[in-house]
Structures are given as C-alpha cells and as structure tokens.
Engineer: 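I'd like to ask you about the structure that follows.
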Amino acid sequence: MVGAGKGLGNGVAEKFGDNDFRVILMARNEEHLKEYAAGFTAKGIEVYTQAADAADFDSFLKTFNEVVKNYGREV
C-alpha cells in the first residue's frame, strides 16, 4: 500500500491483511510506518514497511523494485 496512513490508506491495507494477503506499507515517515506496523501485527496481519516518497518517481521506482525483489509477488 503506497500512501500508508491513518484512514483510507491503512483501512484498505487492513482489508487485504484480513484476507490473508501480505501487507507492505509504504510512506515517507519511518516513525509512522513503525507505529502502523505495530497495529497490524497486533491484529495478526503479516506486515512489512518501506519508506518511500511517491513524489520522487526515480526514487520510488527504485524502492518499489526493491520491495518486489525482497518480498516477491504472487500471481
């Protein structure tokens, strides 16, 4: 989920987690990501975080590719 945050972003991610999807939260603020991850973990949702800024396309693309490399994807 790019744009993790209180409200819609985390709500959508939680819905995926509730349906046994692996959740990877991405946002600029690492401290907020840690807080969000703790909440997901407390609910039994497998969650990982990655700091990223979607406004910086090249940096975001690099980070996105790292996430795919590290966590893979299921088709």
Engineer: For Lys69, check salt bridge (Lys or Arg N to Asp or Glu O under 4.0 Å) against everything at least two apart and list the hits.
Structural biologist: none

Engineer: Under 3.5 Å, side-chain donor or acceptor atoms of residues 28-41 against the rest of the protein: list the pairs with distances, not counting sequence neighbours.
Structural biologist:
residue : atom : partner : partner atom : Å
Asn29   : OD1  : Glu31   : N            : 2.9
Asn29   : OD1  : His32   : N            : 2.8
Thr41   : OG1  : Ala37   : O            : 2.9

Engineer: Which pairs of donor and acceptor atoms, one on a side chain in residues 12-20, lie under 3.5 Å apart (sequence neighbours left out)?
Structural biologist:
residue : atom : partner : partner atom : Å
Glu14   : OE1  : Lys43   : NZ           : 3.0
Glu14   : OE2  : Lys43   : NZ           : 3.2
Asn19   : ND2  : Lys15   : O            : 2.8

Engineer: Could you give the distance from CD (Gln50) to CD1 (Ile24), rounded to the nearest 0.5 Å?
Structural biologist: 8.5 Å

Engineer: Restricting to ring pair (Phe, Tyr, Trp, His ring centres under 6.0 Å), what partner residues turn up for Tyr48, sequence neighbours left out?
Structural biologist: Tyr71

Engineer: Using a 3.5 Å cut-off and no angle test, enumerate the donor-acceptor pairs between side-chain atoms of residues 51-58 and protein atoms at least two apart in sequence or in another chain.
Structural biologist:
residue : atom : partner : partner atom : Å
Asp53   : OD1  : Ala55   : N            : 2.9
Asp56   : OD1  : Ser59   : N            : 3.3

Engineer: Could you tell me if the side chain of Thr63 sits less than 4.5 Å from the side chain of Met26, heavy atoms only?
Structural biologist: yes

Engineer: Write down the atom of Ala4, the atom of Ala27, and the distance for their closest heavy-atom approach.
Structural biologist: O-CB, 3.7 Å

Engineer: In chain order, what residues pass the ring pair (Phe, Tyr, Trp, His ring centres under 6.0 Å) check against Phe60, with sequence neighbours excluded?
Structural biologist: none

